Chemist: 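For reference, the structure I am asking about is given below.
Predicted model only: the values in this text are computed from it and were never measured.
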Amino acid sequence: MNLKITVGILLLISFIFNSLFAFKVHPILQTILALFSIFFIFLYFTRSYFYINHIFLILPVLFIAPFLGENFGWYIYFLLLISSIILVVLDFDFIKFIFFFLIFLIVLLIRTFFFFNIKSLFIIIPLSCVYIVCSILLFYKKKKFRELKNRYENIRSKNSIVEISPFMLEREKFIKEDYKKNMMTFNIVDEAMNSLLVTLKILLKSKSAVFFLYNKKNDTLFAEYGISSERIILKNNVEKNNFLYSVIKDQKNILDNYFIGDIEKLKIYNTNPVIRSVISTPVVKSGKSVGALYVDDGDEEKFSPSDLETIKLFADQIGMILNFVEYAQQAKIEATYISILNDITHRLSKTLDFDEVLKTVIDSIKNIITFSNYFLITIKDDRFEIISTDSGLKSLSGEIIPETFLSSLPVEDSISFKNNLMSRKIPLRLFSKDENLDFDSLVSIPLYSSTKNRINLILISNRDLFMDQIKFFVLNFISDISKTAIEKALLYRKTKDLAIKDGLTGIYNHRYFQDELTKILLNASRNKSKVSLGLLDIDYFKKFNDNHGHQTGDLVLKHIAKTLEDSVRKTDLVARYGGEEFVIVLTNVKDPHFETIFENIRHKIEDSKIKNENNDELNITVSIGYSLFPDNTTDKNLLINFADKALYKAKELGRNKSIRFRNNL
């Protein structure tokens, strides 16, 4: 039952009950009291907002006062009603009210003096306190109402001239502030939205004021914010066959004072209240409907055309708030991207290491795109090689196969983006038709390009990736600075390689070997691990050069260097010791397993075929001598010397052998 009707009936019952059973006064006074009661009830129904707190405090007194005896209760009953009426007449003016309240107390004290009993004292003091509390609450409500009314008038006067989003005035501030501080913006937005709805509910004296947000992608509508006299539920999707959908999609207004629709379809009420008047208007942002502002009430003929204009005004304000949210979110994204670009620029400027450059680029892009796997690939002469990845495809290389993504990569340095790949009838493959990678989105970012080599970063995701203009701009920026950084890193690597690597074979030179061996032995001594050093010499290499020429001899040296690199771990060391001699350093070896490594190297070289410029197949063999740290010695020079002695022993025994150093050699 409506709250107004309930309280009105209680007031009427209190008057009738007390008139018949409690009051013992003259009929003329009864008539005067009845008129005041009717006037009081009328005021309550017309201005219930002011009486809502006051009425609940005086109702119990209206039932209790008549039983106080000696007509004292009638007097209190009369004063409570007339004082409430006078509050309205005085318009809750504080000075006028104080004057009236002093008169009230004086009259009450005079009557108490003439009709004194102890019961009167116990009633006067609590009643005065109750009355003071009522008055304070009423003044507070009055003040809040005036503030809301002034805010409404301020909105009305400024609505036609507000063209600039508030975010634009604070744009730089948003960018400079910390992310956590930016989150405070959205708390302010929530407060602003709720404040608008409270103001609207009060101005229209409605039951509820609710903002419904529309999700165009999923075609769903749900209550995002709401204020109501009833208990309401937010975030529930509204049923599709509902009048609010026409408000949003057709951008039309609804004013229905004889509403007969099913309010349950809105999914906002726990109960099923009686709704007879409904008013709704679309909330428009950038020309598109993003939601609906809805107000309802239980009374018929509640809203007028001027109320429709009022709700339109509030819908415009909500649209501005949503614009503010969008600008704030964009500012947060831009601030994040600016931070990322600043960080990557700073980090790339401080390193010339190729691997560190690539790691910096990948880490930065992770903050921009959410991907499932990445592949860092090099492309050269229609061949590709994965040089880094976080997937199961490790060190994959080969020719670029037609009808794969690699075959469709643009030659020019531009970002390639593909989306909704799972919906394709023929799935797109990255490298080969046999791979088991499932992905819905793909981004390829060129990081380096030259006439001989290209480096691309390929990102895949198993869900739809969102790519807007700002993301393309940031990724293009990263791509551009990466090219410069990688070019510098490659040049630095080349310069460094000239100092530490052999120009012919590409493996480390003798000087680098000596420096690195010192570090390896020191580390092995600390970790109490073993190191084996082997010296390899090509059998009859001088005679081979004389018979086949130095160019063929160079091919042999390159072939041996490549074989050695392929036969050891990355933690091991291979270097050219001098002339036709090579050195192999095996770290953290397990005795006697390491002996098989040298023997396997010897067999591999013996079994391999080398073709010269005339396409003749040539066979070569090698002799290897090796020693063990710390079993043979802990001295670096002696370790090399012992391996050299074992090498000469292998040659004495007929070459094409691998010999371990023993003390009896």
Chemist: Out of curiosity, Leu255 CG to Asp307 CG, how far, rounded to the nearest 0.5 Å?
Modeler: 8.0 Å
Chemist: CE/Met193 to CD1/Ile321 distance, rounded to the nearest 0.5 angstrom?
Modeler: 5.5 Å
Chemist: Does a side-chain heavy-atom distance below 4.5 Å link Ile254 with Ile279?
Modeler: no
Chemist: Please check this pair: side chain of Ser364 against backbone of Ile344, looking for a donor-acceptor N/O pair closer than 3.5 Å.
Modeler: no
Chemist: Taking the side chain as everything from C-beta on, heavy atoms only, tell me whether Phe303 gets closer than 4.5 Å to Ser206.
Modeler: yes
Chemist: Can you check whether Ser441 reaches Met467 side chain to side chain, under 4.5 Å on heavy atoms?
Modeler: no
Chemist: Do Asp296 side-chain atoms and Ser208 backbone N/O form a donor-acceptor pair below 3.5 Å?
Modeler: yes
Chemist: Applying side-chain contact (heavy atoms from CB on, under 4.5 Å), run through Asp390 and Ile362 and close with a yes or a no.
Modeler: CA-CA 11 Å; Asp390 60 349; Ile362 294 171; over 6 Å; no
Chemist: Is the number of heavy atoms from other residues, nucleotides or ligands within 6.0 Å of CZ (Phe473) greater than 12?
Modeler: no
Chemist: What heavy-atom pair brings Gly226 and Leu197 nearest, and what distance separates the two atoms?
Modeler: N-CD1, 3.7 Å
Chemist: Could you tell me which non-hydrogen atom of Ser280 sits nearest to which non-hydrogen atom of Val247, and how far apart they are?
Modeler: OG-CG1, 3.8 Å
Chemist: Would you say the side chain of Thr360 lies within less than 4.5 Å of the side chain of Asp343, judging by non-hydrogen atoms?
Modeler: no
Chemist: Would the distance check show the side chain of Ser482 and the main-chain N or O of Ile478 forming a donor-acceptor pair, the cut-off being under 3.5 Å?
Modeler: yes
Chemist: Please tell me if the side chains of Thr199 and Ile202 come closer than 4.5 Å, counting only heavy atoms from C-beta onward.
Modeler: no
Chemist: Not counting sequence neighbours, which residues clear ring pair (Phe, Tyr, Trp, His ring centres under 6.0 Å) with Tyr374? List them please.
Modeler: none
Chemist: With rounding to the nearest 0.5 angstrom, report the OG to CD1 distance, Ser416 to Ile458.
Modeler: 9.0 Å
Chemist: What's the shortest heavy-atom distance between Leu244 and Ala292, and which atoms?
Modeler: CD2-CB, 4.2 Å
Chemist: Working to the nearest 0.5 angstrom, can you tell me the gap between Ile415 CD1 and Leu459 CG?
Modeler: 10.0 Å
Chemist: So Ile263 and Tyr269, side-chain contact (heavy atoms from CB on, under 4.5 Å) or not? Walk me through it.
Modeler: CA-CA 8 Å; Ile263 202 67; Tyr269 291 112; 4.0 Å; yes
Chemist: Report the distance from atom CZ of Arg276 to atom CG of Asp297, rounding to the nearest 0.5 Å.
Modeler: 11.5 Å
Chemist: Going by an N to O cut-off under 4.0 Å, is there a salt bridge joining Lys285 and Asp316?
Modeler: no
Chemist: Can you tell if the side chain of Val278 reaches within under 4.5 Å of the side chain of Val295, non-hydrogen atoms only?
Modeler: no
Chemist: So which heavy atom on Leu308 is nearest to which on Asn253, and how close?
Modeler: CD1-CB, 3.9 Å
Chemist: For Phe212 and Tyr225: C-alpha separation, side-chain torsions, deciding distance, then whether ring pair (Phe, Tyr, Trp, His ring centres under 6.0 Å) applies.
Modeler: CA-CA 7 Å; Phe212 289 87; Tyr225 299 96; over 10 Å; no
Chemist: Decide side-chain contact (heavy atoms from CB on, under 4.5 Å) for Asp363 and Lys366; before the verdict, give the C-alpha distance in whole Å, the side-chain angles of both, and the deciding distance to 0.1 Å.
Modeler: CA-CA 5 Å; Asp363 289 345; Lys366 282 180 180 179; 4.2 Å; yes
Chemist: Looking only at heavy atoms, what is the nearest atom pair of Val283 and Gly319, with distance?
Modeler: CG1-N, 3.8 Å
Chemist: Pair Asp464, Asn420 - check side-chain contact (heavy atoms from CB on, under 4.5 Å), show working.
Modeler: CA-CA 7 Å; Asp464 187 20; Asn420 300 320; 4.2 Å; yes
Chemist: Does the Ser277 side chain pair with the main chain of Lys302, one donor and one acceptor, at a distance under 3.5 Å?
Modeler: yes
Chemist: Is there a donor-acceptor contact under 3.5 Å from the side chain of Asp440 to the main chain of Leu421?
Modeler: yes
Chemist: Compute whether any side-chain donor of one residue and acceptor of the other, for Asn237 and Thr220, lie under 3.5 angstrom apart.
Modeler: no
Chemist: What residues form a side-chain hydrogen bond (donor to acceptor under 3.5 Å, both in side chains) with Asn476, not counting sequence neighbours?
Modeler: none
Chemist: Could you check whether any side-chain heavy atom of Ile268 comes within less than 4.5 Å of a side-chain heavy atom of Asn236, counting everything from C-beta outward?
Modeler: no
Chemist: For residues Phe477 and Phe472, establish whether the separation of their ring centroids is below 6.0 Å.
Modeler: no
Chemist: If you compare all heavy atoms of Phe259 against all heavy atoms of Asp256, which two are closest, and at what distance to 0.1 Å?
Modeler: N-OD1, 3.4 Å
Chemist: Using a 3.5 Å distance criterion without hydrogens, assess whether the side chain of Asp250 forms a donor-acceptor pair with backbone atoms of Lys252.
Modeler: no
Chemist: To the nearest 0.5 Å, what is the distance between CD1 (Ile460) and OG (Ser372)?
Modeler: 6.0 Å
Chemist: So, Ser289 side chain and Lys249 main chain: donor-acceptor pair closer than 3.5 Å or not?
Modeler: no
Chemist: Compare all side-chain heavy atoms of Ile365 with those of Leu457 and state whether any distance is below 4.5 angstrom.
Modeler: yes
Chemist: Please determine, by modelled atom types, if Tyr214 and Asp219 share a side-chain donor-acceptor pair under 3.5 angstrom.
Modeler: yes
